[in-house]
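Written out below as structure tokens is the structure these notes cover.
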Amino acid sequence: MLRPFCTQCCRPRPCKGRLCVEAVAGWKLNVQKEPIEARVLSAILKVSSVPYSSYVPLPRTGLHAVHAQIKQVWLIAVLLLMSRASPAMRLAIAVTCALLSMATLPRRLWKAQLARLGLLALLIFVFTATGSDGVPPVAQSRAPAPSLTGLAGGLRPAKPYNYVIFHFWFVRITRRSVALAVSAASLMFTAFQSASLCLTTTPAEEMALALQRFVAPLKLLRVPVREIGLTLLLSLRFMELVFEEVRNLSLGLASRGVNWAGLGPFGGAQVFLQLGGRMFENLMHRSENIALAMTARGFTGPEAHHVHMTRAEPSSWLANSVATALLAGLAAAVYTFR
Amino acid sequence: MTYGNESNRKQVLAGAHLMVQRGTFHILLGPNGCGKSTLLRILGGLLQPDSGSFRIDRPCGFVFQNPDHQIVMPTVAADVAFGLGRYKLREAEVRAQVNCTLEMVNMQEQAQRPTHTLSGGQKQRVAIAGALAENPKVLLLDELTTFVDADDQQNVLEAVKSVVGGPEQVTALWVTHRLEELEYADSASYMDGGKIQFSGSAAAVADYMRSLGARV
């Protein structure tokens, strides 16, 4: 039976059917004007089903063989060393971190991770480079002009030097803003990617146990060390649940075929707010159920409960030695090239 | 037993009476909301009955309907070992027990896998392994096959069936509303309106269900 409306151009029949020009033009127009809400949903659904930074046991690499405590020392040391390093060194550390991710993780994981984080780093770089030194100080300089001190022309550098690298209208990029942008972007990139590398190559149980061992001396001050370890462990487990819940809700919403254009920006935002509320409700419900299951499995409290099977594979002394030597080498390089 | 006889709560159990022979696979059938899960939770010690009493072999392991609610640890082996955390055991003992239990549910190859990468049926088998790790005398299993496909349903049922009986005399009380699962059972009960309406062998319960108009 012929439908009263053309399925391509949505106009009352008769129309030009398959060759309907309006339909083709309308289709192109629709593709170009896909609402932002629909694009956000499809972006969430396109993300890999493996949660960001969750443990990837295979393929087993050299990083898998390094002890979790050494990895945690690396994490802290890299951030501390970066704060003392030159911008070029900071950039070099970020690039090394990216290369290490490419060498360690499966392609499908590092490609998505580096693309997202790279985009974020690029945005930080652009905004910091253009905005951090673009507005001249309101107060006038109190230093005397070079012509008054008799130094004019006397201290010209051998090579031509320009403090302002680029200036057009209100956009002003200076050497200082570029240095700051490189530092901010590389610091952010390294902080996220190094933590991600650590989590993808170490089981959450080992990470929690390593942290517990680091903070063990605090037991003397009556700090609940085991509770801290268990909290970290459950948090890492919870990350997966949050990821899964967001995906499930997005999938449910996408399958409902919501007319985003008809809802308008306010309606769209309202739907997303409701979705957020629903997500928290579901997560709370899941937490309650997990707590019930823990009780059913004999959990009475972190102090009375031992967490077993925390080590998947024994760490390799060779990998540990290489990791420690590399950390010492990095520290030496940072202090040499300051 | 009765549960929920206060004015602010619906009466879920209204004089439920059930006897299960030790070392058997007993299926508890019934429509949604008839009180099957509540009865199981009372037997597992998660709820207190308002009146009545029960006697059950200890220790007993409880496996929930949704394995995502049961699995606590991020890795398979660590999750199976979670229940053993309340005992003072050496790491080698725990490792041996976990390996043995994972073998029982045919999951020994997945010991180091992150739990979020498992299929629904595999998660269910990990949850069963977690309950089995403590060498329970009774397994309380709450609609384990609700979220799994036909293949996984069979795997989960066979995993449970393989541990029932034996020298340990393990008893399984399996709650379901899928009638085709009766073929795995030694005995069964039909529950409705908070009461056990009929108990007997799997074949007798199948006949009873047919008399009610069900396609078994």
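Scope of the values below: all heavy atoms of this structure, side chains included, with no hydrogens, waters or symmetry mates. A note on names: the letters A, B, ... follow the listed sequences, proteins ahead of strands, and every chain is numbered from 1. Please read all numbers here as calculations on a predicted model, not as lab measurements.
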For B:Ile71, which atoms come within 4.5 Å of any heavy atom of chain A: side chain, backbone, both, or neither?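 Both the backbone and the side chain of B:Ile71 come within 4.5 Å of chain A.
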Against chain A, label B:Asn66 side chain, backbone, both or neither, depending on which of its atoms sit under 4.5 Å from a heavy atom there. neither
Between A:His305 (side chain only) and B:Phe82 (backbone N and O only), is there a donor and an acceptor less than 3.5 Å apart? yes
Spell out, as yes or no, whether a donor-acceptor pair under 3.5 Å connects the side chain of A:Glu205 to the backbone of B:Thr75.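 Yes, A:Glu205 side chain to B:Thr75 backbone: donor-acceptor pair under 3.5 Å.
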Verify the neighbour count for atom [atom1] of [X]: are there more than 12 heavy atoms of other residues, nucleotides or ligands below 6.0 Å?
X: A:Phe280; atom1: CZ; result: no
X: B:Arg58; atom1: CZ; result: yes
X: B:Lys161; atom1: NZ; result: yes
X: B:Arg22; atom1: CZ; result: no

Rounded to the nearest 0.5 Å, how far does CE of A:Met239 lie from NE2 of B:His116?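 Rounded to the nearest 0.5 Å, the NE2-CE separation comes to 9.5 Å.
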Nearest-0.5 Å distance, OH of residue A:Tyr55 to OG1 of residue B:Thr117: 10.5 Å
Do the non-hydrogen side-chain atoms of A:Arg237 and B:Val72 ever get within less than 4.5 Å of each other?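 No, too far: nothing below the 4.5 Å cut-off.
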Which portion of A:Ile290 sits near chain B, non-hydrogen atoms under 4.5 angstrom: both
Using heavy-atom distances under 4.5 Å, tell me whether A:Leu292 contacts chain B through its side chain, its backbone, both, or neither. both
Count the heavy-atom pairs under 4.5 Å between each of B:Asp68, B:Leu84, B:Val63 and chain A, then report the option with the highest count.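 It is B:Asp68.
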If you tally heavy-atom pairs under 4.5 Å against chain A, which of B:Gly44, B:Pro114, B:Gly83 wins? B:Pro114
Less than 4.0 Å between a side-chain N and a carboxylate O, is that true for A:Arg297 and B:Asp79?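 Yes, this pair counts.
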Test side-chain contact (heavy atoms from CB on, under 4.5 Å) on A:Leu233 and B:Met73; report intermediate values, then the result. CA-CA 8 Å; A:Leu233 189 54; B:Met73 292 286 126; 3.4 Å; yes
